[in-house]
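A note on names: the letters A, B, ... follow the listed sequences, proteins ahead of strands, and every chain is numbered from 1.
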Protein chains: 2
Amino acid sequence: MSTIKDIARVAGVSVATVSRVVNNDPKVKEKTKLKVTKVMLDLNYTPNANARALVTQKNTTIGVIIPSLTDPFFASLANGVEQVARQQSMQLLLSTGLVSAESERQAINLLRERRCDVMVVHSKKLTDDELIALSEQIPGLVLIDRHIEQISHRCVWLDNLEGGKIAARHLLALNHQKFASISSKYQIEDPGLRLEGFTRELTGAGFAIDKELIEYGEPNLQGGEIATQHLLSSGKTFSALFVYNDAMAIGAISTLEDNGYRVPQDISVIGFDDVLLSRYSRPKLSTLNYPIEEMAQQAANLAIELTKERKAAKDEYKVESKTHKYVPRLVKRESTSLCNEN
Amino acid sequence: MSTIKDIARVAGVSVATVSRVVNNDPKVKEKTKLKVTKVMLDLNYTPNANARALVTQKNTTIGVIIPSLTDPFFASLANGVEQVARQQSMQLLLSTGLVSAESERQAINLLRERRCDVMVVHSKKLTDDELIALSEQIPGLVLIDRHIEQISHRCVWLDNLEGGKIAARHLLALNHQKFASISSKYQIEDPGLRLEGFTRELTGAGFAIDKELIEYGEPNLQGGEIATQHLLSSGKTFSALFVYNDAMAIGAISTLEDNGYRVPQDISVIGFDDVLLSRYSRPKLSTLNYPIEEMAQQAANLAIELTKERKAAKDEYKVESKTHKYVPRLVKRESTSLCNEN
DNA sequence: TTGAAAGCGATACCAG
DNA sequence: CTGGTATCGCTTTCAA
């Protein structure tokens with residue numbers, strides 16, 4: 001691979017001049033520019049981005065850390081960041097497969113080694129304290145899908161509590177009175193908040209959800225199926241089912257129908273996330289839209305903004321107090337309908 | 001951000017020594033090692049990967065170029081590469097949003113600038129010739145999902161023709177005689193090959209497919225719905241439908257059922273790809289498994305292998321004549337069954 | 001308009 | 001075991 005020196009030598013100019021034409025410096029004579037350009041083409045020259053980054057102390061990489069790519073939800077998240085990257089002529093450095101605090105920590109560290117100072121991180125395992133400490137060292141670190149009060153202005157998150165409430169209000173408005181819910185067995189924040197919002201709103205309306213009608217399972221199709229079987233075998237009846245996410249909801253519907261219940265005529269089912277799947281299922285799933293791609297874009301832009309600010313005003317603490325909270329939007333499709341039992 | 005010099009100064013040693021402890025060189029005295037390590041922690045030191053790459057001429061990045069991340073198929077591809085990257089302690093540089101030959105070319109070039117010499121590329125727009133030329137310059141370039149004879153050993157691809165044949169054999173074995181097919185309107189290679197394999201096998205068995213029973217549409221749910229309407233309105237009957245991909249197949253099923261046809265009792269439907277979706281649909285979709293994740297892993301490993309080989313034997317042309325062809329596997333689920341018409 | 005030279009932050013060879 | 005130093009490929013003053 002030819003270097004700037006090779007070009008300089010062959011073209012009979014100094015490296016400084018070559019550098020200038022590479023960077024489009026207007027004060028190179030047109031003639032030399034042409035000459036140099038030709039040699040670059042001949043030798044198939046490509047500037048070395050590493051060397052460049054080293055001297056300019058600038059980095060055109062934006063890092064993304066997510067648990068997995070196969071989950072469409074995270075794929076959308078990555079996609080949102082990618083769009084911003086493209087728009088800003090930056091590139092995506094992606095890290096997945098996070099399972100432990102240690103692996104999350106390591107992923108962040110790898111990004112730091114590359115001096116990638118803009119990063120969008122989806123962390124569920126690291127503690128608030130560690131994240132706060134990290135964010136002090138990394139000005140361009142933005143958390144997505146998580147809210148930490150002390151660094152609120154660097155978090156882009158969804159109001160899961162409100163999402164649960166919205167679901168409850170929707171079912172309540174449809175006249176439902178007997179509720180069940182399927183949640184995720186994983187004790188990350190989201191499932192708890194969604195369920196809490198849901199039950200809280202029910203309580204406010206004078207209803208309650210039987211504890212035996214709350215099941216926990218793997219947050220996927222099969223988990224939804226199994227949880228639903230448990231629900232059914234409890235012997236208790238319900239006309240409305242609030243499920244942690246769309247995949248589980250689709251699994252639930254499938255099991256309900258296998259057991260002779262029609263959705264939504266007999267039982268209304270509402271999911272969460274509004275992934276592609278929910279539009280493909282039959283009946284089409286009513287759910288809460290989680291605008292993850294938009295949020296990811298926002299997060300990426302925010303991260304870029306933060307690094308710029310840092311440069312502009314080194315030690316001047318400019319505490320952005322803006323909050324980046326999103327509220328899920330109800331998407332009414334076919335799996336919920338008026339309750340005809342009461 | 002502190003540098004190796006800072007550490008050396010504070011610890012009272014030379015940069016060489018610091019470098020040694022960073023790289024775990026066994027011949028540093030335990031005591032100095034401890035001292036240096038402490039300072040590194042104190043100053044929150046992180047080695048600069050760019051500087052490192054510059055001097056070692058080694059790069060721990062593996063590049064992936066795909067059209068999009070939102071498409072689960074490509075997400076799986078990226079995921080496969082990521083797994084290999086992780087396993088080799090490398091990192092993923094991802095580029096998406098390819099729409100034209102120019103953008104594909106640019107994406108590859110950005111990877112080159114970063115001296116990322118291992119790359120897995122999914123290119124549909126660049127010509128064979130350009131790709132061949134490129135692969136001569138980039139030893140670690142591997143093409144996925146595309147086959148170019150001259151650089152066959154650097155292509156990891158699926159035999160779409162054979163896939164079509166397998167589908168045909170499956171339907172034939174189920175006693176079907178009247179066929180229809182939905183293909184993609186986009187004139188990339190795959191749809192043509194799949195359909196050709198399908199019809200060729202039918203012909204071999206003494207059957208044919210009515211040209212009016214071949215529809216083309218957008219390769220998504222809606223495209224499948226629309227194409228199916230066209231098929232139905234032709235007035236011609238058929239008992240088996242071969243669809244370009246799973247999304248279209250699910251759209252097709254939906255339309256068929258809306259029109260009073262039962263799947264598979266009245267009409268058998270078979271898709272292609274075996275994406276997650278096909279397991280969620282009802283009836284569960286019979287389809288051809290496209291082991292894209294496995295293929296992506298293979299491609300990534302191959303790319304790494306190629307760069308190593310290059311290093312081992314510079315000019316010695318070691319033409320790997322191995323071929324990396326995959327054949328799709330029939331996944332029989334619920335959407336195809338014995339024809340009861342004949 | 002161009003060139004010489006001083007780094008950027010690390011590695012690795014050669015001495016000692 | 002440790003230190004000095006040339007070097008990687010490029011950008012960026014400072015002079016000419």
Could you tell me which residues satisfy side chain to side chain contact (heavy atoms under 4.5 Å, CB included) with A:Gln150, sequence neighbours excluded, listed by chain and number? A:Ile132, A:Ile148

Taking only residues at least two apart or on different chains, which pairs with a member in residues 109-136 of chain B satisfy ring-ring contact (aromatic ring centres under 6.0 Å, His included)? B:Phe74-B:His122

With sequence neighbours left out, the residues meeting side chain to side chain contact (heavy atoms under 4.5 Å, CB included) with B:Glu102 are B:Ser100, B:Arg105

Suppose the criterion is salt bridge (charged side-chain N to carboxylate O under 4.0 Å, His left out): which pairs have a residue in residues 60-80 of chain A, not counting sequence neighbours? none

Between residues 24-38 of chain B and DNA chain C, which residues have a heavy-atom gap below 4.0 Å? none

By ring pair (Phe, Tyr, Trp, His ring centres under 6.0 Å), which residues pair with A:Phe73, not counting sequence neighbours? A:Tyr290

Between protein and nucleotides 10-16 of chain C, map the contacts as a letter string: B base, S sugar-phosphate only, - none, heavy atoms under 4.0 Å, written 5' to 3'. BBBB---

All pairs passing salt bridge (charged side-chain N to carboxylate O under 4.0 Å, His left out) where residues 15-38 of chain B contributes a residue, at least two apart: B:Lys38-B:Asp42

Residues which pass side chain to side chain contact (heavy atoms under 4.5 Å, CB included) with A:Ala107, listed by chain and number, not counting sequence neighbours: A:Ile65, A:Ser95, A:Leu98

So, using side chain to side chain contact (heavy atoms under 4.5 Å, CB included) as the criterion, who are the partners of B:Val22 when residues are at least two apart? B:Val18, B:Met40, B:Tyr45, B:Pro47, B:Arg52

Would you list the atom pairs, donor with acceptor, under 3.5 Å between side chains in residues 295-302 of chain B and any protein atom, with sequence neighbours excluded?
{"from": "B:Gln297", "atom 1": "NE2", "to": "B:Gln83", "atom 2": "OE1", "distance (Å)": "2.5"}
{"from": "B:Gln298", "atom 1": "NE2", "to": "B:Tyr326", "atom 2": "OH", "distance (Å)": "3.1"}

Contact span of DNA chain D against chain B, any nucleotide atom under 4.0 Å from a heavy atom, 5' to 3', runs D:dC1 to D:dG9

Tell me whether A:Arg146 contacts the main-chain N or O of A:Ser123 through its side chain, where contact means a donor paired with an acceptor under 3.5 Å. yes

Does C:dG3 have OP1 or OP2 under 4.0 Å away from a side-chain N or O of A:Thr17? yes

